Structure formats: C-alpha cells, structure tokens
Student: 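Questions regarding the structure given below will be posed in turn.
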Amino acid sequence: MAFITLDTKKLKKNFNYLNSFFKENNIYWSVVTKILCGNKDYLTELLKMGISQYSDSRISNLKTIKAIDKNVETIYIKPPAKGAIKDVIKYADISMNTDFRTIEMLSKEAQKQGVTHKIIIMIDLGELREGVMREDFVDFYSQVFQMKNIEIIGLGTNLSCLYGVLPNNDKLIQLSLYKQLVDIKFNVNIPFISGGSSVTIPLVKQGLIPVGINHFRVGETLFMGTDVYNGEKLDNMENDIFKLYAEVIELYEKPMIPSGEMGTNLEGDTFDFDENNQGKTSIRAIIDIGLLDIDMKHLDTTDTDIKYAGATSDMVVLDLGENPKGYKVGDLVEFTMDYMGIVRIMNSKYIEKRIV
C-alpha cells in the first residue's frame, strides 16, 4: 500500500497568503493546477477556496474543473494541438497562442460553437520555449486581432521553465512596451499582461515589477510554499502540503554488498560498492512503491536515519542501518517531495490519493 495526502488546512493557509499578496499589489492571478493531474477530489477542495480562474496544460484536467463548476474561468496554457481545437473551445475560456494557423482554427471552431474565445499571445523573451519572436510580434498581432469570435485579452511570456532564464525588470519592461505599442498602433486596450509565475513573485516583493504586469499564473509557490527564483522555502508558507506514505512489505538484516557475478540492472546501470563494507550487514526494508510511480531523487524521507539503497519498477529498497526507530513489516515510511516528485506520484494510478 502507498498513498499521497493533501493537507487542506495548509493549502488554505498558502492560498490566503497569496490571495492577499496579489490583491495588495493589484495583480490578478490564476491557479495553475497541473500538479493535481486532474484529480477530482483534490480539485474540488481547491475550488472551494474561491479563486475564479484556473490554468492547466491538459484538456482533460480543464474538463474536470468545468464539471465541478462550469462558471469558473479556465486557461489552456500551452499552444493548442490541431486535434485538440474542438475541446479547447469547449473547455477553455482562454488559451495561450503562438501560431497564426492555430488561431484561425480556433476562430472557426468558436464560430461553430457560438462562443467568443479569448486568447493570450505569448512572446519569446529569450527562454526559447513557446512564443512569437519579438521582431515578428507586431505583424503577427495585425493578422489575428480582427479574427471572428476571437478576443485578444492579453500578452504573455514564459521564463525559467526550459533553460532557467530568470525574469528581470528589463525583460518585463519589454513585455509592457509591446502592449503599449499595439494599443497605440491598433487603437485597442489589452487588459492583461501575463508576465508572472511563481518565479516572478520575489520581484514583486522587491518592487521590481513594471506597473503594467497585472496577471500571474501560479502553481508551485501555492502548493509548495517555495521561492522559486532563489530556490528556497518561504518561512511564512507551508512547505509540506503533500506527503507520501509507503508500507514496509519486507524487512530483514542482509549483507551490505551483493554476491555473485555483477551485470546491469533493469535501467542498464552498473554499481560499485565500498569494499570496506564486505562482511557487514544492515537492516533493509522494501516498501510498496517503485520506479513506475516515482523518481527517488525527487523524494526525501522525513526520517533522517533512512538511506535509499535502490529501486526496481514496483519496489524501493531502503537501508535502515540498525533500525533505531524499530520499523516492522506493515509500518508506513513517510516522505516529502519536490514539485516533480508530486506530479509523478499524482500521475500514477497505482497510488491512492487522500485528503487530510
């Protein structure tokens, strides 16, 4: 048995902190729900907290959100694939776009469904992920701003996710200037500049965000309580909203070095062992979770006496040393996880999801 827990009280604390923070700074924010992988129970708890806009990169997750509350606003936060156009219009009120042909298809589908679809045009400011190149942006905008059933409500950018290019005042000023440029050139008033994410929050605290940046997309800081810009935990937020528990299914005293002719394991890895441990033993526990569910580099045991010894597809082996805590078969080992660890666990159908 293995399960992950979501602490709703801690999540509410983080939510209230961020909600107040953004209100004080006149910033509209959207919760990025990717970490929840569409889990209906967890999403239901999140929607109870009262924010009106949710962002995700999976249509199926947005569909679940709309099934819980059809009135909340949803954003599809990656360029839509051709095969997803119909569902993007159906389940996303807003989508982020970078391709003229894609927006044409969104326009046609929005007309079929009798709705106006809102879009945010993404601009590449150096991260080299999604985004229209800066020198092409004005021409791009001129091609799409009069499309039927399409309303351009914002300009945006993505930073730090692919190569770790950090946001700074200069890059965000550039984004603000593009809004001013198209506002004047096309006699419009684009309401949102979506230049913020978890990594940008510290810049707000330092007063380094241009006034025009008024929309943030936040996931990691809400769910992890982290200062993503500096790679640190925030003292005034909860850092362990999620915990993982895995049951001990075997526990024996065993040699510290394997015996026999050595080859490669299932991942193709070879191992070297400290010869000083020849003849020594330790207590080894097998827990009911494996590489299909998690990459162990994204987990930490809350018990500092436990060391990771290895893993296969469905089992993880832990070295308990002399087992000072007295673990036995049937006991649970507790872990905390980083963002990617939680996403992997949430995406595993083999791990039970609980609310505490």
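Residues take their numbers from the sequence shown, with the count starting at 1. When reading the values below, keep in mind they use all heavy atoms of this one structure, side chains included, and skip hydrogens, waters and symmetry mates. Predicted model only: the values in this text are computed from it and were never measured.
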Student: Take atom NZ in Lys63; do more than 12 heavy atoms of anything else shown fall under 6.0 Å from it?
Tutor: no

Student: Report the residues that fulfil side chain to side chain contact (heavy atoms under 4.5 Å, CB included) with Thr302, sequence neighbours left out, ordered by chain and then residue number.
Tutor: Glu334, Thr336

Student: Answer yes or no: is there a side-chain heavy-atom contact under 4.5 Å between Phe242 and Tyr42?
Tutor: yes

Student: Please round to the nearest 0.5 Å and tell me the distance separating atom NZ of Lys118 and atom CD of Glu73.
Tutor: 4.5 Å

Student: We want to know whether Tyr350 and Asp314 form a side-chain donor-acceptor pair, criterion being a heavy-atom distance below 3.5 angstrom.
Tutor: no

Student: Would you call Lys10 and Asp240 a salt bridge, taking side-chain N to carboxylate O under 4.0 Å as the test?
Tutor: yes

Student: Quick one: do Lys325 and Asp305 make a salt bridge, cutoff under 4.0 Å?
Tutor: yes

Student: Flag the pair Val204 / Phe21 as yes when at least one side-chain heavy-atom distance between them is below 4.5 Å, and no otherwise.
Tutor: yes

Student: Please examine the side chains of Leu6 and Leu11, heavy atoms only from C-beta on, and report whether any two atoms are closer than 4.5 Å.
Tutor: yes

Student: Hey, are Asn189 and Lys179 close enough side-chain-wise for a donor-acceptor pair under 3.5 Å?
Tutor: yes

Student: Tell me the closest heavy-atom pair linking His117 and Ala92, and the distance in Å.
Tutor: CE1-O, 3.2 Å

Student: Considering residues at least two apart in sequence or located in another chain, which fulfil the side chain to side chain contact (heavy atoms under 4.5 Å, CB included) criterion with Gln113?
Tutor: Lys86, Ile89, Lys90, Glu109, Val115

Student: Could you check whether any side-chain heavy atom of Ser194 comes within less than 4.5 Å of a side-chain heavy atom of Met96, counting everything from C-beta outward?
Tutor: yes

Student: If we ignore angles and hydrogens, is there a donor and acceptor under 3.5 Å between the side chains of Tyr17 and Thr221?
Tutor: no

Student: According to side chain to side chain contact (heavy atoms under 4.5 Å, CB included), who are the partners of Lys148, at least two apart in sequence or on a separate chain?
Tutor: Ser107, Gln111

Student: Set out, in order, the CA-CA distance, both residues' side-chain angles and the distance that settles side chain to side chain donor-acceptor pair (under 3.5 Å) for Thr116 and Glu151, then state yes or no.
Tutor: CA-CA 7 Å; Thr116 296; Glu151 179 185 357; over 6 Å; no

Student: Which value, rounded to the nearest 0.5 Å, describes the distance between Ile286 atom CD1 and Thr312 atom OG1?
Tutor: 8.0 Å

Student: Determine whether the side chains of Gln143 and Asp139 contain a donor N or O and an acceptor N or O closer than 3.5 Å.
Tutor: no

Student: For a 4.5 angstrom cut-off between non-hydrogen side-chain atoms, does Arg134 reach Ile123?
Tutor: yes

Student: Check each of Asn25, Thr200, Leu175 against Ile213 using the side chain to side chain contact (heavy atoms under 4.5 Å, CB included) test, and report the only one that passes.
Tutor: Leu175

Student: Taking the side chain as every heavy atom from C-beta outward, state whether Lys66 and Thr74 have any pair of such atoms under 4.5 Å apart.
Tutor: yes

Student: Taking the side chain as everything from C-beta on, heavy atoms only, tell me whether Lys13 gets closer than 4.5 Å to Lys9.
Tutor: no

Student: Quiz question: by atom type and distance under 3.5 Å, do the side chains of Ser95 and Asn97 form a donor-acceptor pair?
Tutor: yes

Student: To the nearest 0.5 Å, tell me how far Asn61 CG sits from Ser55 OG.
Tutor: 12.0 Å

Student: Side-chain contact, heavy-atom cut-off 4.5 Å: Leu181 with Phe137?
Tutor: no

Student: Is Trp29 reachable from Phe192 through a run of hydrophobic residues whose side-chain heavy atoms are each under 4.5 Å from the next?
Tutor: no

